[in-house]
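Let me begin by presenting the structure, written as structure tokens, before commenting on it.
These numbers come from a predicted model, not from an experiment.
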Amino acid sequence: MTTAVPFLLSLVLVLTNGQYYYQGLMDYLENRFLAIEDRMLIWHEQSNHYNTELRHFKKQTAEFIKGLNQDHGTLRQDLEGTGVRMDRIEREMDYIETQNPARPCVNQEDRMVDVDLEVKERVKEMKKGGEEDGYSRVLDCIDIISSIRAMKILKRMGSPKGMWTKDARTSKVYIFNGTAEDTVYQFSSVLDFSSSPGVAHSRPIRLPSLWSGTGGAVYNGYAYYVMEGADELQVIKYDLANGTLTDSAVFPVEVADHRPVYSLNPETAVDLAADEEGLWALYTTRESESINLAKMDPDSLDIEQMWDTQCPQVNAEAAFVVCGTVYVVYNTRLPSRSRIQCVFDVNDMVTNEEAPLLYFPRRYGVHASLKYNPQEKQIYAWDDGYLILYKLSMKRKLMV
């Protein structure tokens with residue numbers, strides 16, 4: 001009995017202390033829960049505040065974007081209007097320059113005497129070479145382009161790149177659709193071509209090989225085109241009337257040494273051109289930064305003479321020859337207004353500084369080819385599949 005009393009007292013003491021400890025733990029946990037609830041309430045209030053601000057910000061952003069879109073539309077209309085006005089100003093400036101040409105820096109009489117002497121010297125050289133009609137050829141071909149007078153869009157073909165032209169001796173029109181094909185489509189006239197659905201009214205002419213690029217030409221009833229082989233470039237002469245291969249010649253520039261004649265049309269290695277004086281070839285080598293010109297014999301395909309035009313190959317899109325004068329047309333990677341800004345005359349009757357800067361009318365893209373018809377004084381152009389005619393105004397290089 002004596003031993004049990006202390007034991008009971010100890011047990012009561014332990015239970016009492018445990019109760020106090022448990023009560024303290026519960027109080028602690030309750031306080032912590034209350035603190036968490038307070039923080040959750042604060043977080044909830046802050047979240048509602050942030051959501052309200054976010055909705056307000058979204059509303060302001062939507063209104064701001066709507067205003068920007070309206071301003072963008074207004075700006076685009078203003079830019080389009082400015083572009084139209086700029087085109088009008090450019091045409092008016094071209095007209096004014098045409099009507100009031102700039103005076104040369106040298107005395108006009110001295111200039112005419114010098115040029116006349118150059119003409120007579122060239123006539124003597126041509127007569128020595130056996131060309132009895134040399135004088136008439138020189139005097140009959142002394143024109144230079146003064147302006148691009150009009151543009152007419154005939155129709156659209158399938159390929160974005162190609163070439164079309166008209167033989168100066170006939171009314172027949174020839175379509176080279178694409179940059180690596182072997183079928184030429186012949187139409188009896190421009191009117192027949194424009195009224196034909198596609199090439200339905202054409203006469204297909206199958207060539208003996210694929211042409212390369214858009215540098216073909218039609219001259220005196222023959223098709224001239226470039227065939228690119230593994231190691232060499234060949235110029236092919238094909239009789240369009242008889243349907244026979246007449247001749248071929250290796251172009252004097254190896255494949256490894258050449259590069260595209262125009263940087264904006266990399267498919268064309270050599271561009272053949274015909275004018276009043278015959279057949280020409282435009283090309284570029286890896287050693288040269290400029291476009292070279294070669295005079296070709298249309299019968300034998302021999303190279304008669306070669307020149308460095310000093311016209312840059314970079315940003316050039318096409319070129320054509322009129323009366324022995326090369327006109328190189330330039331553009332930009334993002335197509336803008338095509339312009340003639342480099343001119344080279346093999347007869348030295350006009351310099352690049354004296355030639356006017358000419359702009360083509362607004363179009364669709366970059367010219368794939370430009371072919372001159374000396375009989376009509378027109379350019380047959382291929383522009384992103386659109387077949388276009390440009391009418392040229394001419395003036396004399398000199399007064400003879």
TODO: Work out which heavy atom in Arg169 is nearest to a heavy atom in Asn220; give both atom names and the distance.
DONE: CD-OD1, 2.7 Å
Open item on the list: Tell me if the aromatic rings of His367 and Tyr390 count as close, with their centers under 6.0 Å from one another.
Closed with: yes
Task: Side-chain donor or acceptor of Asp167 paired with backbone N/O of Gly221 under 3.5 Å - done: yes
TODO: Could you tell me whether the side chain of Trp307 reaches within less than 4.5 Å of the side chain of Asp345, counting heavy atoms only?
DONE: no
Task: Spatial distance of atom CD (Gln310) from atom CD1 (Ile291) [nearest 0.5 Å] - done: 11.0 Å
Task: Donor-acceptor under 3.5 Å (Asn265 side chain, Glu267 main chain) - done: no
Open item on the list: Determine whether Ser209 and Met227 satisfy the following criterion, side chain to side chain contact (heavy atoms under 4.5 Å, CB included), listing intermediate values before the conclusion.
Closed with: CA-CA 7 Å; Ser209 58; Met227 182 183 70; 3.3 Å; yes
- [ ] Sort and list the pairs that fulfil ring pair (Phe, Tyr, Trp, His ring centres under 6.0 Å) and have at least one residue in residues 212-248, not counting sequence neighbours.
- [x] none
Task: Spatial distance of atom OG (Ser338) from atom CG (Leu370) [nearest 0.5 Å] - done: 7.5 Å
- [ ] State yes or no: do Phe360 and Met151 share one hydrophobic cluster built from I, L, V, M, F, W and Y residues joined by side-chain heavy-atom distances below 4.5 Å, directly or via other members?
- [x] yes
- [ ] Grab the two heavy atoms, one from Asp308 and one from Phe344, that are nearest each other, plus how far apart they are.
- [x] O-CE1, 4.0 Å
Open item on the list: Applying salt bridge (charged side-chain N to carboxylate O under 4.0 Å, His left out) to Glu276 and Lys377, what does each step give before you reach the verdict?
Closed with: CA-CA 10 Å; Glu276 296 87 347; Lys377 308 299 183 186; 3.1 Å; yes
Open item on the list: Set out, in order, the CA-CA distance, both residues' side-chain angles and the distance that settles side chain to side chain contact (heavy atoms under 4.5 Å, CB included) for Leu293 and Val346, then state yes or no.
Closed with: CA-CA 9 Å; Leu293 176 68; Val346 298; 3.5 Å; yes
Open item on the list: Does the structure place the NZ or CZ of Lys295 under 6.0 Å from the centre of the six-membered ring of Trp280, at an angle of no more than 45° from the ring's axis?
Closed with: yes
- [ ] Look at the side chain of Trp211 and the backbone N and O of Gly178, then say whether any donor-acceptor pair between them is shorter than 3.5 Å.
- [x] yes
TODO: Starting from the C-alpha separation in whole Å, work towards a yes-or-no answer on salt bridge (charged side-chain N to carboxylate O under 4.0 Å, His left out) for Arg339 and Glu317.
DONE: CA-CA 10 Å; Arg339 58 201 177 275; Glu317 65 176 19; over 6 Å; no
Open item on the list: Within the structure provided, determine whether Asp384 and Arg156 are in side-chain contact (heavy-atom separation under 4.5 Å).
Closed with: yes
TODO: Answer yes or no: is there a donor N or O on one side and an acceptor on the other, between the side chain of Lys371 and the main chain of Gly216, under 3.5 Å?
DONE: yes
Task: Value rounded to 0.5 Å, distance of CG in Leu79 from NE2 in His72 - done: 8.5 Å
Open item on the list: With a 6.0 Å cut-off (strictly less than), is the heavy-atom count around CZ of Arg203, excluding the residue itself, greater than 12?
Closed with: yes
TODO: For Ser196 and His201, indicate whether the former's side chain and the latter's backbone hold a donor-acceptor pair under 3.5 Å.
DONE: yes
Task: Donor-acceptor contact below 3.5 Å, side chain Thr268 vs main chain Thr214 - done: yes
Open item on the list: Run Asp143 and Lys395 through salt bridge (charged side-chain N to carboxylate O under 4.0 Å, His left out) and show every step you take.
Closed with: CA-CA 5 Å; Asp143 289 337; Lys395 65 179 181 180; over 6 Å; no
Open item on the list: Is a donor from one side chain sitting under 3.5 angstrom from an acceptor on the other, for Glu45 and His49?
Closed with: no
Open item on the list: Using modelled atom types and a 3.5 Å cut-off, is there a donor and acceptor pairing between side-chain atoms of Thr52 and backbone atoms of Asn48?
Closed with: yes
- [ ] Quick one: pull up CE in Met40 and NE2 in His44 and give me the separation to the nearest 0.5 Å.
- [x] 9.5 Å
Task: Aromatic Phe193 / basic Lys155 pairing, under 6.0 angstrom, 45° off normal - done: yes
Open item on the list: Treating Lys166 as the side-chain partner and Ser189 as the backbone partner, does any N or O pair qualify as donor plus acceptor under 3.5 Å?
Closed with: no
Task: Asn31 side chain reached by Leu29 side chain, heavy atoms, under 4.5 Å - done: no
Open item on the list: Within the 4.5 Å heavy-atom criterion, are Asp383 and Val366 side-chain neighbours or not?
Closed with: no
Open item on the list: Under a 3.5 Å distance rule, please check whether Thr244 uses its side chain to pair with a backbone N or O of Thr246 as donor and acceptor.
Closed with: no
TODO: May I ask you to check whether over 12 heavy atoms, not counting those of Glu287, lie within 6.0 Å of atom CD?
DONE: no
Task: Spatial distance of atom CG (Leu240) from atom OG1 (Thr170) [nearest 0.5 Å] - done: 9.0 Å
Task: Single-linkage hydrophobic cluster Tyr185~Leu207, side-chain heavy atoms < 4.5 angstrom - done: no
- [ ] For Glu304, look at atom CD and say whether over 12 heavy atoms of other residues, nucleotides or ligands are found less than 6.0 Å away.
- [x] yes
- [ ] Return the set of residues passing ring pair (Phe, Tyr, Trp, His ring centres under 6.0 Å) with Tyr372 (not counting sequence neighbours), or none when no residue passes.
- [x] none
Open item on the list: Closer than 3.5 angstrom, by distance alone: can the side chain of Ser194 be matched with the main-chain N or O of Leu191 as a donor-acceptor pair?
Closed with: yes
- [ ] Identify the heavy atoms of Asn331 and Arg337 that sit nearest to each other, and give their distance.
- [x] ND2-C, 4.3 Å
Open item on the list: Would you say NZ of Lys152 has more than 12 non-hydrogen atoms from neighbouring residues, nucleotides or ligands within 6.0 angstrom?
Closed with: no
Task: Atom pair CZ (Arg149) and CE (Met394), whose distance is rounded to the nearest 0.5 Å - done: 11.0 Å
Task: NZ (Lys237) with more than 12 external heavy atoms under 6.0 Å - done: yes
Task: Close side-chain approach of Leu233 to Val270, heavy-atom, < 4.5 Å - done: yes
Task: Lys/Arg-Asp/Glu bridge criterion (N-O < 4.0 Å) met for Lys58, Glu63 - done: no
TODO: Consider only side-chain heavy atoms of I, L, V, M, F, W and Y, link residues closer than 4.5 Å, and tell whether Leu389 and Phe187 are in one cluster.
DONE: yes
- [ ] Work out which heavy atom in Leu245 is nearest to a heavy atom in Pro208; give both atom names and the distance.
- [x] CD1-CG, 4.2 Å
- [ ] Return the minimal non-hydrogen interatomic distance between Ala217 and Ala273, and the atom names on each side.
- [x] CB-N, 4.4 Å
Open item on the list: Quick check: do Asp271 and Tyr262 have side-chain heavy atoms less than 4.5 Å from each other?
Closed with: yes
Open item on the list: Do Ile36 and Leu34 have side chains that approach each other closer than 4.5 Å (heavy atoms only, starting at C-beta)?
Closed with: no
- [ ] May I ask you to test the Val328-Ile340 pair for a side-chain heavy-atom distance under 4.5 Å?
- [x] no
Task: Phe251 with Leu279, same ILVMFWY side-chain cluster at under 4.5 Å - done: yes
